[in-house]
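In this text the structure is predicted, and so the values were computed from the model without any measurement. Just so it is clear, the values below take in all heavy atoms, side chains as well, and ignore hydrogens, waters and symmetry mates.
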Amino acid sequence: MADELRMTLERVGERFDLGEYEIEAYLAVLEHGELTASEISDRTEIPQPRVYDTVRSLSDRGLVELRESRPMKIVAVAPDDAFGNVQQSLDSLVSELEARYTAPARDTEAVSLVKSRSTILRYVEEIIESAEYELVLSLTPDLLRRFREDLAAAVDDGVSVDLLITPLSRAPDPDSFDYLEVATVARGRRGITTPILAVADGNYSIYATQDALRDDRDRYGVIFNRSALGFLVSGFFGTVLWSTAETIATDGKRRPFPRRYASIRRAVKDVRELDGPFYASITGRDVETGDPIVVEGKIETARLEESEEVASLRLETDDGVLEIGGLVAAFEDVEAQEIILGREEVPDREQFA
């Protein structure tokens, strides 16, 4: 039985272990029935030098036929023929695997590396679903469509979503795609060098190159599993990616006050864009001693440099005026780790406990 299960698993794995290029090529050929390598390159994002390796991989899996001619033609195999025996194999495979399954303990490692495309996508989905009040993401247009319902659910639940789409040239047209259904603010960035990332509430995050989601097995994704190190990804997003992107849509669904923030930049932007006065309850650390601290009071001023690299609040408290900075603040009095903003009085932090 073990040998049969292994053979079934290998057979299914061989058929479905497709990279992004292979998927693009297969769908293009499937849609047109027959294409040349040049036509595949024209209809997809696959570079011409990669087309031949890609279609040979599809041929090895029995998904297309290669007809030697000048030029070579790639012909789609009917899906019933290509996948006819896979469904039966999957049914028996799932039954066998369920019989052997033992639920794992949740990974508690602060930082871990992941390699497979499916694992990276699973973490992105989990991070989106876990966000309670703040979510920042950098996604490709394909991933935007994949996670559209999850993002819409997050927005409906009151989560503030900063969404970056890359490359901008392939982003859905705002006239036909409702960005404010899935984001509070949406921006686009040109080029394919922008990484894929997601950060929930400032601490649970993933970072991966776009190559890691194609078929490059030498690329990895990095998971910060509910770690304070997640601020590295969030900070990189805010200062390097977000500040160099073009606005697609803004002023999405507004959350009611009081609001909770992991990012001081987002809090400062709201204070500057909306009519005050504002009051805040802030948890963090004393910059000089490193001791945990909670400070509360009325916000006097909010400062955000044009580059968005520096953001700070000036807070009037019972013990005097304090300068509030973001994570790893050095020049301010307090490093803010969580900010709760209220309108008419200092917000009650117990309602978020």
Side-chain angles (χ1 to χ4, degrees), residues 130-137 151-163 179-187 199-203 231 234-235 237-238 242-243 247 249-287 292-306 308-327 329 332-353:
S130 71
E132 296 181 5
Y133 54 94
E134 190 172 282
L135 182 65
V136 299
L137 305 106
L151 291 171
V155 170
D156 287 342
D157 287 341
V159 177
S160 174
V161 180
D162 284 354
L163 174 65
Y179 281 95
L180 297 184
E181 175 192 26
V182 297
T184 308
V185 182
R187 294 185 181 182
V199 187
D201 303 330
N203 59 13
F231 86 88
S234 183
F237 175 89
W242 192 249
S243 61
T247 299
T250 189
D251 293 330
K253 296 179 181 178
R254 292 290 187 178
R255 295 180 294 157
F257 284 94
R259 298 179 185 175
R260 189 159 52 145
Y261 303 82
S263 164
I264 192 171
R265 290 177 182 82
R266 167 57 62 192
V268 167
K269 286 179 181 178
D270 280 359
V271 170
R272 288 162 58 92
E273 292 172 3
L274 304 174
D275 293 331
F278 286 96
Y279 298 81
S281 177
I282 299 170
T283 59
R285 294 189 299 176
D286 184 295
V287 168
I293 189 173
V294 177
V295 294
E296 297 180 330
K298 182 179 179 179
I299 294 176
E300 284 192 352
T301 57
R303 185 170 71 94
L304 181 67
E305 290 190 356
E306 186 175 353
E308 300 189 7
E309 292 182 2
V310 178
S312 64
L313 295 168
R314 187 174 173 85
L315 189 70
E316 180 184 343
T317 74
D318 292 340
D319 298 321
V321 175
L322 295 174
E323 295 288 341
I324 311 298
L327 293 173
E332 295 81 9
D333 300 306
V334 176
E335 173 202 63
Q337 297 173 343
E338 182 182 87
I339 301 170
I340 301 177
L341 290 184
R343 282 291 208 174
E344 299 178 354
E345 60 183 1
V346 172
D348 179 9
R349 115 163 354 269
E350 291 299 321
Q351 74 180 90
F352 295 101

When rounded to the nearest 0.5 angstrom, what is the spacing between CZ in R187 and OG1 in T250? 8.0 Å
Y133: what forms a ring pair (Phe, Tyr, Trp, His ring centres under 6.0 Å) with it, not counting sequence neighbours? none
Would you find a donor on one side and an acceptor on the other, under 3.5 Å apart, between the side chain of D348 and the backbone of E350? yes
Nearest atoms (heavy-atom pairs only) where A267 meets L341: O-CD1, 3.9 Å
Find the distance between NZ (K298) and OG1 (T317) and round it off to the nearest 0.5 Å. 13.5 Å
Closer than 3.5 angstrom, by distance alone: can the side chain of T184 be matched with the main-chain N or O of V161 as a donor-acceptor pair? yes
For the atom pair CG (D286) and CG (D333), what is the distance rounded to the nearest 0.5 Å? 7.5 Å
Please check if the number of heavy atoms outside E300 that lie under 6.0 Å from its CD is greater than 12. yes
Which residues share a salt bridge (Lys or Arg N to Asp or Glu O under 4.0 Å) with D201, sequence neighbours left out: none
In Å, rounded to the nearest 0.5 Å, how long is the span from CD1 of I264 to NZ of K269? 12.5 Å
Does V295 reach the side chain of D319, with side-chain heavy atoms less than 4.5 Å apart? no
Start with the C-alpha distance between V155 and E181, add both sets of side-chain angles, then the distance that settles side chain to side chain contact (heavy atoms under 4.5 Å, CB included), and finish with yes or no. CA-CA 7 Å; V155 170; E181 175 192 26; over 6 Å; no
Within the 4.5 Å heavy-atom criterion, are Q337 and N203 side-chain neighbours or not? no
Does the side chain of F237 come within less than 4.5 Å of V199's, by heavy atoms? no
Determine the minimum heavy-atom distance between I340 and P258, stating which atoms define it. CG2-CB, 4.0 Å
Working to the nearest 0.5 angstrom, can you tell me the gap between E335 CD and I282 CD1? 12.0 Å
Considering non-hydrogen atoms only, spot the tightest contact between Y261 and E134 and give its length. CA-OE1, 3.7 Å
To check you understand the geometry: which heavy-atom pair defines the closest contact between R349 and V294, and what is its length? NE-CG1, 4.4 Å
For the residue pair R303 and R272, what are the closest heavy atoms and their distance? CA-NH1, 4.2 Å
Could you go through R259 and R266, starting from their C-alpha distance and side-chain angles, then the distance that decides it, and tell me whether this counts as side chain to side chain contact (heavy atoms under 4.5 Å, CB included)? CA-CA 11 Å; R259 298 179 185 175; R266 167 57 62 192; over 6 Å; no
Please round to the nearest 0.5 Å and tell me the distance separating atom CD of E305 and atom CZ of R265. 10.0 Å
State, with a plain yes or no, whether a side-chain heavy atom of R343 is found less than 4.5 Å away from one of F278. yes
Apply the side-chain contact (heavy atoms from CB on, under 4.5 Å) test between L313 and each candidate in I299, V334, L304; give the one that qualifies. I299
Identify the heavy atoms of L135 and L151 that sit nearest to each other, and give their distance. CD2-CD2, 3.9 Å
